[in-house]
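Here the structure comes first, spelled out in structure tokens, and everything after it is commentary.
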Number of protein chains: 2
Amino acid sequence: MFEGSGLAKKYKIKKCECPSGKMTRFVEPCLLFFLSQGDSYGYELMAKLDNFGFPKAKPDPAMVYRTLRYLEKEGFVVSKWDTKGTGPAKRNYGLTQKGIGLLHLWAESIEMRKQVLEKFLKQYSQQFKRIRKK
Amino acid sequence: MFEGSGLAKKYKIKKCECPSGKMTRFVEPCLLFFLSQGDSYGYELMAKLDNFGFPKAKPDPAMVYRTLRYLEKEGFVVSKWDTKGTGPAKRNYGLTQKGIGLLHLWAESIEMRKQVLEKFLKQYSQQFKRIRKK
DNA sequence: TCACGTATATGTAGAATACATATAGATGTT
DNA sequence: AACATCTATATGTATTCTACATATACGTGA
């Protein structure tokens, strides 16, 4: 992820040591959000994730399908097979009321997380502005 | 984490389904940052984390000490025992040049992640503003 | 001596993730 | 007809990460 940044080379760090480039746990709220825009199915949701998420991190089909199944097991979404149209059958998902609730919780959680990251970045840039001035 | 938010009750979601309340992987950049402010040791760093991090998530000593050992193994920090002063000996850590590099990489990474979260939140609030208007 | 705060460390079960792989319908190509 | 490719869903599993429990030991005050 940081091959192009120059920093990795400069400091002789071989590979990406920052796992936050990956979409850790982030697929769940994304799927819930996409479904809040209208019913959809795994393959299509995966394409949406690809556009939405982190630049170079491609969504893992296994993650997507398993997360959808988990969400259904817990009652956050419901699915039924869609055999209309061409190609292999699609499992079409829709949000439940409970699923909307979970999405709202995620949004709260993500807002909080964003604030923590902002706090970090603020202190970080202050710190290194100060050092450069010396 | 969301017991107090009311939403969990409203939507009948029993426990916290949003793991982003925890300081997942976030200890590493925090430790690096704290050490960039000056040498320190595990116990003290843990207290700083406690003030810095997510509201109700207390830092896990195991995470802190193990992360510090990992960082040392990889050459991002160096340590030596400090037997001066009272109480049990402290293992005092200092950042290396490589460690500063890693901190900068983390900062880049966190900036990117922040942007992704912002993108999510923006689309989310637009979506639900629109729905309420209907 | 006993509790408590300081300080570091390890063991391990369980959760989460990455990566590989399997299956199968439809379409286009040689 | 055979083959590749795109669409679509699904499972197996090794590895990594995390949470929680627990151990050790120094110093201070009751």
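Order of the sequence lines sets the chain letters (A, B, ...), proteins ahead of strands, with each chain counted from 1.
The side chain of D60(B) lies closest to dA19(D) when the candidates are dT27(C), dT9(D), dA19(D). Nearest to the side chain of W81(B), among dA7(C), dA9(C), dT17(C), sits dA9(C). Relative to the side chain of T86(A), the nucleotides dA7(C), dT9(D), dA26(C) differ in distance, and dA26(C) lies closest. You'll find that the side chain of R69(B) is closest to dA9(C), out of dA9(C), dA20(C), dT6(C). If you check dT8(C), dA18(C), dA10(D) against the side chain of Y65(A), the one that comes closest is dA10(D). Comparing dT11(D), dA8(D), dA10(D) by their closest approach to the side chain of R91(A) singles out dA10(D). For P88(A), the side-chain atoms get nearest to dA8(D) when compared with the rest of dA8(D), dA7(C), dT27(C). Which of dC20(D), dC19(C), dA9(C) sits closest to the side chain of Y93(B) comes down to dA9(C).
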- [ ] Go through H104(B) and F128(A) one step at a time and tell me if the side chain to side chain contact (heavy atoms under 4.5 Å, CB included) criterion holds.
- [x] CA-CA 10 Å; H104(B) 293 332; F128(A) 284 90; 3.6 Å; yes
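Between L68(B) atom CG and dA7(C) atom C1' there is a gap of 12 Å when expressed in whole angstrom units. One interatomic measurement links the two molecules: CG of L45(B) to P of dT6(C), which rounds to 15 Å at whole-angstrom precision. Rounded to whole Å, atom P of dA8(D) lies 14 Å from atom NZ of K48(A). As a whole-Å value, the separation of E44(B) CD from dA7(C) C1' is 12 Å. Note: CG (L71(B)) to P (dT8(C)) measures 15 Å, nearest angstrom. Atom pair K90(A):NZ and dG25(C):C1' shows a separation of 11 Å (rounding to whole Å applied). Atom CG of D82(A) and atom C1' of dA26(C) are 15 Å apart (whole Å). Taking atom OH on Y41(A) and atom P on dC6(D), their separation rounds to 16 Å, with Å as the unit.
Considering only heavy atoms from C-beta on, Q123(A) stays 4.5 Å or farther from E118(A) through its side chain.
The residue among G87(A) and P61(A) whose nearest nucleotide of DNA chain C lies closer to the 5′ end is P61(A). Taking for each of M63(B) and M63(A) the nucleotide of DNA chain C with the nearest heavy atom, the 5'-most of the two is the partner of M63(B).
Ring geometry, Y124(A) versus F120(A): the interplanar angle falls under 30°, so the pair is classed parallel (tilted spans 30 to 60°).
Both tests hold for K119(B) against F52(A): distance to the six-membered ring centre under 6.0 Å, angle to the ring axis within 45°.
Counting any heavy atom pair closer than 4.0 Å across all strands shown, R66(B) reaches a base atom. Counting any heavy atom pair closer than 4.0 Å across all strands shown, A89(B) reaches sugar-phosphate atoms only and no base atom.
Side chain to side chain, E28(B) and T67(B) fail the donor-acceptor criterion of an N or O pair below 3.5 Å.
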